[in-house]
Amino acid sequence: MLFAALACAGFVCSGIGSHLAPLTARLAGSGGRAVLVSLGTSASGLLLLSATALTTGPASMALATAGYGLVYLGLGAAGPSENDLLHRRVPSAGHATALSVHALALQLTGALPGLAVGILPPGPLPWLLGGTVLMGGAPLWIHRSAPLPPGPGVRGRFIGGAGR
């Protein structure tokens, strides 16, 4: 029952993040920067979780809850901007294939580290490693959002109209 409540809370936070994605892109100035900000939010959540890994009590539980929420809020906010950037980079005939490959790559990227983290000792190390890897990959989206020359595969503007 507890896992069901946690999963539901994660989906709610992810949905709120997705809803805030256009605002995040406008405030950040571009879709690439919005992804960076959103993944930074998720990494901050992982750092909060690492801070509570060896402690107990109400304060620790509150920080862990906030960290869990931030992880999913950030991932939810990053998704729409990532998809928009992907659509801008791929010709329209390849959108479905690109989204499928992107989804499979994300699943593989989540599964393999999940197995590796299982062999790490309990405590803050798995959370710190996850946050570090997440922040290490985030700048790749900034590079990917550089302006493209006009062409048949380039559409519109970034999500929220901030892709100038």
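Basis for what follows: all heavy atoms, side chains included, without hydrogens, waters or symmetry-related copies.
Rounding to the nearest 0.5 Å places OG1 of Thr24 at 10.5 Å from NE2 of His19. In this structure, Ser38 OG and Leu70 CG are separated by 11.5 Å, a value rounded to the nearest 0.5 Å. For the atom pair CZ of Arg26 and CZ of Arg33, the computed distance is 15.5 Å after rounding to the nearest 0.5 Å. Note that the OG1 atom of Thr132 and the CG atom of Leu47 stand 7.0 Å from one another [nearest 0.5 Å]. To the nearest 0.5 Å, the span separating CG on Leu39 from CD on Glu82 amounts to 6.0 Å.
A donor-acceptor pair under 3.5 Å is formed between the side chain of Thr65 and the backbone N or O of Met61. In this structure a side-chain-to-backbone donor-acceptor pair under 3.5 Å is present from Ser18 to Gly76. Remark: side-chain polar atoms of Ser81 are not paired, donor with acceptor, to backbone N or O of Ala78 under 3.5 angstrom. For Ser42 (side chain) and Val71 (main-chain N/O), a donor-acceptor pair under 3.5 Å exists by modelled atom type. No donor-acceptor pair closer than 3.5 Å links the side chain of Ser14 to the backbone N or O of Phe11.
In this structure, Leu75 and Thr41 have side chains that are not in contact, with every pair of non-hydrogen atoms separated by 4.5 Å or more. Side-chain atoms of Leu48 and Thr52, non-hydrogen and from C-beta on, never get closer than 4.5 Å to each other. Taking 4.5 Å as the limit, some side-chain heavy atom of Leu99 sits within range of a side-chain heavy atom of His87.
The two residues Thr55 and Ser60 make their nearest non-hydrogen contact at OG1-OG, 2.9 Å. Here the closest heavy-atom approach between residue Tyr68 and residue Leu6 is recorded as OH-O, 2.7 Å. Annotation for Ala77 and Ala21: closest pair O-CB, 3.5 Å, computed over non-hydrogen atoms.
Criterion: ILVMFWY side-chain heavy atoms under 4.5 Å apart, direct or through other members. Under it, Val37 and Leu20 are not part of a common hydrophobic cluster. Linking ILVMFWY side-chain heavy atoms closer than 4.5 Å, directly or via other members, places Val12 and Met1 in two distinct hydrophobic clusters.
Applying the 6.0 Å contact sphere to OH of Tyr72 captures no more than 12 heavy atoms from other residues, nucleotides or ligands.
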